[in-house]
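Residue numbers start from 1 in every chain, and the chains themselves are labelled A, B, ... in the order their sequence lines are given, proteins ahead of strands.
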Protein chains: 2
Amino acid sequence: MRPPLPADMFDEVCPSSLNPIRFGDKWAALVIRCLEHGPRRFSELRVPLHRVTPKVLTRSLRSLERDGLIRRTAQPPRVEYELTPVGRSLLEPIAVACAWTDRHWDALLDARESYDAAARRATGRIASPSAGSRA
Amino acid sequence: MRPPLPADMFDEVCPSSLNPIRFGDKWAALVIRCLEHGPRRFSELRVPLHRVTPKVLTRSLRSLERDGLIRRTAQPPRVEYELTPVGRSLLEPIAVACAWTDRHWDALLDARESYDAAARRATGRIASPSAGSRA
DNA sequence: CAGCATCCTACCTGATACTG
DNA sequence: CAGTATCAGGTAGGATGCTG
């Protein structure tokens, strides 16, 4: 049998609003990568995605299913999710996005920091929300 | 001089919430593509992006600037926006995303339609928001 | 020309608690 | 196990009108 998904599969700053590249909703790309090596059950997905609530994960899964990117099969009490061919084809753009992020993540962090610092100097300390987590 | 940006540069269903791949906010990818061949002024951008209000376009530009993806230069009354090297590097993932969308757009449309149709049959006609526009 | 101010709506996301 | 229900906050997007 395939190994279970590791709880630390994703960085704790992941997903991130800082990452300009997004696939579907906040968790969609992570879900797709979880399904890369075969079908997974709801509770299996919750291990690496331990920071998402069941409600939100359900909505993300429904949305992916609606778009034909994953398929849900229920033979109670088992429910499994797997990639469709179209969903699997998203792995390539996702990989490209990840590669881009790896190369430019630090530049992005620096740019934001100096922009916000300049804005603070100009306005006398206003706003500037905290950085998010990673994709 | 470079030709002005055509008003019909983007499809009228573009950007789209249907497209699962997004770059920054709703208009960011379009802005970046507008800047591909050199700097553009605010009002130049408004031609192909005629469906975005000035407020929203401004916010999108500020956000891209904050992330170091574009650079804003003002020598009044001229204001120009141009891609930074990091911003330009996004053109490649964007192209990959566009290629993916071209290949799978129809499948996405069909999947949503049949999912919503099945949902209507199951629940007796509830919900199902209209499709969005394209990315 | 290149925005800003104001108001408003919808959606996304999450916390918490509960269930067939 | 695989969700659903409820409540609440924050942000994105847009309409409209005004300005240095």
Side-chain angles (χ1 to χ4, degrees), chain A residues 4 14-18 20 22-31 34 39-47 49-66 70-82 119 122-123 126-133 135, chain B residues 4 14-18 20 22-31 34 39-47 49-66 70-82 119 122-123 126-133 135:
Chain A
C14 178
S16 168
S17 60
L18 210 188
R22 268 187 65 160
F23 294 82
D25 63 26
K26 185 172 180 178
W27 303 95
L30 274 50
V31 169
C34 285
R40 298 287 183 181
R41 304 180 60 174
F42 188 82
S43 44
E44 279 185 285
L45 293 172
R46 293 196 66 186
V47 176
L49 304 175
H50 48 87
R51 284 164 18 264
V52 67
T53 63
K55 188 194 88 168
V56 173
L57 178 56
T58 298
R59 195 163 40 79
S60 192
L61 289 167
R62 290 283 185 281
S63 173
L64 289 166
E65 189 192 3
R66 181 160 103 107
I70 67 176
R71 178 170 28 251
R72 176 182 184 276
T73 37
Q75 54 251 245
R78 262 184 114 70
V79 176
E80 281 195 335
Y81 295 92
E82 63 183 324
T123 65
I126 299 193
S128 119
S130 62
S133 46
Chain B
C14 178
S16 168
S17 59
L18 211 187
R22 268 187 66 158
F23 294 81
D25 63 28
K26 185 172 179 180
W27 302 96
L30 274 49
V31 168
C34 285
R40 298 285 182 182
R41 303 180 62 175
F42 188 82
S43 44
E44 279 186 286
L45 293 172
R46 293 196 67 188
V47 175
L49 304 174
H50 49 89
R51 284 164 19 261
V52 66
T53 62
K55 187 196 90 169
V56 172
L57 179 56
T58 298
R59 196 158 42 79
S60 191
L61 289 167
R62 290 283 185 280
S63 174
L64 289 165
E65 189 191 3
R66 182 160 103 106
I70 66 176
R71 178 167 31 249
R72 175 182 186 277
T73 36
Q75 55 253 248
R78 264 185 111 69
V79 177
E80 282 194 335
Y81 296 92
E82 62 183 325
T123 65
I126 299 193
S128 119
S130 63
S133 47

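The overall bend of the helix from dC1(C)-dG20(D) to dG20(C)-dC1(D), read as the angle between its terminal helix axes built from five base pairs each, is 60° when rounded to 10 degrees.
Look at R41(B) and you'll find a side-chain N or O under 4.0 angstrom from OP1 or OP2 of dA2(C). Within the structure, a side-chain polar atom (N or O) of R62(B) is placed less than 4.0 Å from OP1 or OP2 of dC4(C). In this structure, Y81(B) reaches the dG3(C) phosphate: one of its side-chain N or O atoms is under 4.0 Å from OP1 or OP2. Between R46(A) and the phosphate of dA2(D), there is no side-chain N or O to OP1/OP2 separation shorter than 4.0 Å.
Relative to the side chain of K26(A), the nucleotides dA2(D), dG3(C), dT13(C) differ in distance, and dT13(C) lies closest. With dA2(D), dT4(D), dC1(C) as the choices, the nucleotide that has an atom nearest any side-chain atom of S43(B) turns out to be dC1(C).
Residues meeting the side-chain hydrogen bond (donor to acceptor under 3.5 Å, both in side chains) test with R78(B), sequence neighbours left out: E80(B). Under the side-chain hydrogen bond (donor to acceptor under 3.5 Å, both in side chains) criterion, R72(A) pairs with Y81(A), not counting sequence neighbours. Partners of S63(A) under the side-chain hydrogen bond (donor to acceptor under 3.5 Å, both in side chains) rule, at least two apart in sequence or in another chain, do not exist in this structure.
Within residues 53-60 of chain A, the residues approaching DNA chain C are T53(A), K55(A), V56(A), R59(A), by heavy-atom distance under 4.0 Å.
Minimum interatomic distance between A28(A) and F23(A) (heavy atoms only, all atoms of both residues): CB-O, 3.1 Å. Among all heavy-atom pairs drawn from V52(A) and L57(A), the shortest one is CG2-N, 3.8 Å. Nearest heavy-atom pair, R51(B) versus C14(B), reported as atom, atom and distance to 0.1 Å: NH2-O, 2.8 Å.
Residue L49(A) contributes atom CG, which lies 16 Å from atom C1' of dG3(D) at whole-angstrom precision. Counting to the nearest Å, the P atom of dA2(C) and the CZ atom of R78(B) are 8 Å from each other. For E80(A) and dC1(D), the CD to C1' distance is 13 Å, given to the nearest whole Å. In this structure, CG of D25(B) is placed 21 Å from P of dG10(D), rounded to the nearest angstrom. Here the P atom of nucleotide dA2(D) and the CG atom of L61(A) are 11 Å apart, to the nearest Å. For E44(A) and dC1(D), the CD to P distance is 11 Å, given to the nearest whole Å. The CD atom of E65(A) sits 14 Å away from the C1' atom of dA2(D) (whole-angstrom rounding).
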- Message: Evaluate D25(B) against V56(B) for side-chain contact (heavy atoms from CB on, under 4.5 Å), listing each step before the verdict.
- Response: CA-CA 10 Å; D25(B) 63 28; V56(B) 172; over 6 Å; no

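Taken to the nearest 0.5 Å, the CG atom of L18(A) stands 7.5 Å off from the CZ atom of R66(B).
A donor-acceptor pair is defined here as one N or O able to donate and one able to accept, closer than 3.5 Å; no such pair exists between the side chain of R22(B) and the backbone of S17(B).
Each of F42(B) and V52(A) lies near DNA chain C, and the nucleotide nearest F42(B) is the one positioned closer to the 5' end.
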Please list, one pair per line, the donor and acceptor atoms closer than 3.5 Å that link side chains of residues 39-46 of chain B to other protein atoms, with sequence neighbours excluded.
residue : atom : partner : partner atom : Å
R40(B)  : NH1  : P3(B)   : O            : 3.2
R40(B)  : NH1  : E44(B)  : OE2          : 3.2
R40(B)  : NH2  : P3(B)   : O            : 3.2
E44(B)  : OE1  : R41(B)  : N            : 2.7

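If you check every strand for non-hydrogen atoms under 4.0 Å, R72(A) touches sugar and phosphate atoms only.
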